[in-house]
Amino acid sequence: MNTMIPAWIDGTLTPTDKLLAHKKGLKHKAVSVFVVKGLDILLQRRALGKYHTPGLWANTCCTHPMWDEQASACAVRRMQEELGITGLYPEYRHRLEYRADVGNDLIEHEVVDIFLAHVHRPLKLMVNPDEVMDTRWVNYHDLIAEVARHPERFTPWLKIYLQNYADTIFGPDLIIASKN
């Protein structure tokens, strides 16, 4: 069964096969979530079975909304489907657009709604092995340094988010967290 995602074709938002959207580099809707605990960010390493960017580290979760699915509902759904995270309701932070080569002649051209969720308790993860091969918490400042030293370990979109949008995504939250 083909996964249909909302993509723009000739300027009109249209249900489009996900692989076709990536092969043609069509602009399409996406959702990304960052779960943070103080200064630490929960990262996931993409499963080796993913058709693009397998084995690379990414933000907590990212996906494409279903047709007519609200971005906030999509964020909650994918945290549960990918990582087993329930009971978190991430806050909308920003909408951005980027275009990146993700290998295998595929292009991500996404209009992304970015969400941030704070946790203040231990978080139990139940990782879906079809989606995620590993997770880890990493200090924000250490992540910036690691991406600079080893960019090949990270997805193109995570590098774009951190380089161009970190202040907008994380805003004063990390500054406040660093004082606690």
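- No side-chain heavy atom of Tyr165 sits under 4.5 Å from any side-chain heavy atom of Tyr98.
- Two different hydrophobic clusters hold Trp8 and Leu96 under the rule that ILVMFWY side chains link at heavy-atom gaps under 4.5 Å.
- How far CZ of Phe115 is from CD of Glu91: 10.0 Å, rounded to the nearest 0.5 Å.
- Hydrophobic clustering of Ile, Leu, Val, Met, Phe, Trp and Tyr side chains at less than 4.5 Å, counting indirect connections, keeps Leu116 apart from Val31.
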Discussion item. With side-chain contact (heavy atoms from CB on, under 4.5 Å) as the criterion, how do Val35 and Met79 come out once you've worked through the C-alpha distance, each side chain's angles and the decisive distance to 0.1 Å?
Written reply: CA-CA 9 Å; Val35 173; Met79 283 191 305; 3.9 Å; yes
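- Distance check, rounded to the nearest 0.5 Å: CD1 of Ile5 to OG1 of Thr14 gives 11.5 Å.
- A donor-acceptor contact shorter than 3.5 Å links the side chain of Arg45 to the backbone of Gly55.
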Worksheet item: So Leu39 and Phe170, side-chain contact (heavy atoms from CB on, under 4.5 Å) or not? Walk me through it.
Response: CA-CA 10 Å; Leu39 287 174; Phe170 300 107; over 6 Å; no
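- Note: Leu158 CG to Phe34 CZ = 5.5 Å, rounded to the nearest 0.5 Å.
- Between Gln44 and Thr60, the shortest heavy-atom contact is NE2-O, 2.9 Å.
- Put simply, the side chain of Lys18 reaches to within 4.5 Å of the side chain of Tyr51, judged on heavy atoms.
- The distance from atom NE2 of His94 to atom CG of Asp113, rounded to the nearest 0.5 Å, is 10.0 Å.
- Between Leu42 and the options Leu123, Val33, Val119, a side-chain contact (heavy atoms from CB on, under 4.5 Å) holds for only Leu123.
- Residues Arg99 and Ile107 meet the side-chain proximity criterion, which asks for heavy atoms closer than 4.5 Å.
- Scanning all heavy atoms of the two residues, the minimum distance from Ala166 to Tyr140 falls at CB-OH, 3.4 Å.
- Of all the heavy atoms in Val132 and Asp134, the pair that sits closest is CG1-O, 3.2 Å.
- Taking a 6.0 Å sphere around CD of Gln70, one finds it holds 12 or fewer heavy atoms contributed by other residues, nucleotides or ligands.
- Val112 and Leu56 sit in two unconnected hydrophobic clusters of ILVMFWY residues. Membership requires side-chain heavy atoms under 4.5 Å apart, directly or through other members.
- Residues Asn59 and Ile41 form no side-chain contact, since every pair of their non-hydrogen atoms from C-beta on lies 4.5 Å or further apart.
- Minimum heavy-atom separation, Trp157 to Thr53: CH2-OG1, 3.4 Å.
- Taking CD from Glu131 and OG1 from Thr63, the interatomic distance works out to 7.0 Å, rounded to the nearest 0.5 Å.
- No continuous path of ILVMFWY side-chain contacts below 4.5 Å connects Val76 to Leu83, so the two sit in separate hydrophobic clusters.
- Note: the hydrophobic cluster containing Leu125 does not contain Met133 (ILVMFWY, side chain heavy atoms under 4.5 Å, direct or indirect links).
- When all heavy atoms are compared, the tightest approach of Pro15 to Trp67 is N-CZ3, 3.5 Å.
- Residues Glu108 and Pro156 fail the side-chain proximity criterion, which asks for heavy atoms closer than 4.5 Å.
- The closest side-chain heavy-atom distance from Leu143 to Phe154 is below 4.5 Å.
- Taking the six-membered ring where tryptophan is involved, the planes of His64 and His28 are tilted, since the angle between them lies from 30° to 60°.
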Worksheet item: Does the side-chain contact (heavy atoms from CB on, under 4.5 Å) test come out yes or no for Lys37 and Arg121, once each step is laid out?
Response: CA-CA 8 Å; Lys37 181 173 56 178; Arg121 56 177 167 69; over 6 Å; no
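- In this structure, Arg93 CZ and Ser32 OG are separated by 14.0 Å, a value rounded to the nearest 0.5 Å.
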Practice prompt. Kindly determine whether His22 and His52 satisfy side-chain hydrogen bond (donor to acceptor under 3.5 Å, both in side chains), including the steps that lead there.
Written response: CA-CA 10 Å; His22 292 128; His52 73 67; 4.5 Å; no
Worksheet item: Would Lys27 and Val111 satisfy side-chain contact (heavy atoms from CB on, under 4.5 Å), going step by step from the backbone distance to the final call?
Response: CA-CA 7 Å; Lys27 183 166 66 171; Val111 176; 3.6 Å; yes
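- Taking both residues in full, the closest heavy atoms of Pro90 and Ala75 are given as CG-CB, 4.0 Å, listed atom of the first, atom of the second, then distance.
- Residues Met4 and Met66 form no side-chain contact, since every pair of their non-hydrogen atoms from C-beta on lies 4.5 Å or further apart.
- Salt bridge present: Glu146 and Arg136 bring a charged side-chain N and a carboxylate O closer than 4.0 Å.
- Taking 4.5 Å as the limit, some side-chain heavy atom of Lys23 sits within range of a side-chain heavy atom of Leu106.
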